[in-house]
Amino acid sequence: MSDHDDSAPTDGDVPRIIVRSLGSDDSAIDQLERGIEEEGVPWTVQRVEADDSGSDCQSDNSTAVAHQAASDSGLKIGIGVSEDGELALHHARLPEDDPLFNVANATAREARTVGTNAARLAKHMPLKPLD
């Protein structure tokens, strides 16, 4: 279900959660993808430079990156991964500085839960708490 793209937004005909990463933390990305995949929702991963993270987003902040990803997503759901590994889950209708989840130094379990919650948000299901 993943459309693993390292360049540009590719919502195409299928709305997707956008996971936008400013770093190279593949373990966090892997866990995010597992959580989303378990819920059966399409997603795409975009690896970008801090100054290329979105049309109006010039930040290395996971919250800002997540909000821009959500704005670009057909599902209006985005996850931002900063260079230092911070994760943020955002919805386009929320204020930019108020993500649903923001986790610094996320464990594998927390990263997977953030991915699961992104997918559950798309499916209008209850979200899982972070431990």
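What you see is a predicted model; the values in this text were computed from it and never measured.
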4.5 Å side-chain heavy-atom contact, V19 and E33:
no
Would you mind reporting whether I36 and I79 have side-chain heavy atoms less than 4.5 Å apart?
yes
Any donor-acceptor pair under 3.5 Å linking the side chain of H90 with the backbone of E96?
yes
Mark yes or no for whether K123, through its side chain, and E39, through its backbone, hold a donor-acceptor pair below 3.5 Å.
yes
What is the minimum heavy-atom distance between H91 and H67, and which atoms define it?
O-CD2, 4.0 Å
Short side-chain to backbone donor-acceptor contact, S73 and R16, under 3.5 Å:
yes
Connected via hydrophobic side-chain network under 4.5 Å: M125 and W43:
no
Taking all heavy atoms of A66 and all of G80, pick out the closest pair and write down the distance.
CB-N, 3.3 Å
Taking the side chain as every heavy atom from C-beta outward, state whether F101 and L127 have any atom pair closer than 4.5 Å.
yes
Evaluate the side-chain proximity of R120 to K128: yes if any heavy-atom separation is below 4.5 Å, no if none is.
yes
Qualifying residue for side chain to side chain contact (heavy atoms under 4.5 Å, CB included) with V81, from V65, I29, L22
I29
Of all the heavy-atom pairs spanning A111 and Q31, show the shortest one and how long it is.
CB-CB, 3.7 Å
Locate the shortest heavy-atom distance separating P99 from A88; write the atom from each residue and the value.
CB-CB, 4.5 Å
To check you understand the geometry: which heavy-atom pair defines the closest contact between L75 and A122, and what is its length?
CD1-CB, 4.0 Å
Is there side-chain contact between R20 and D72, with at least one heavy-atom pair below 4.5 Å?
yes
Between L100 and V114, is there a side-chain heavy-atom distance shorter than 4.5 Å?
no
Of all heavy-atom pairs between L89 and A118, which one has the smallest distance, and what is that distance?
CD1-CB, 3.6 Å
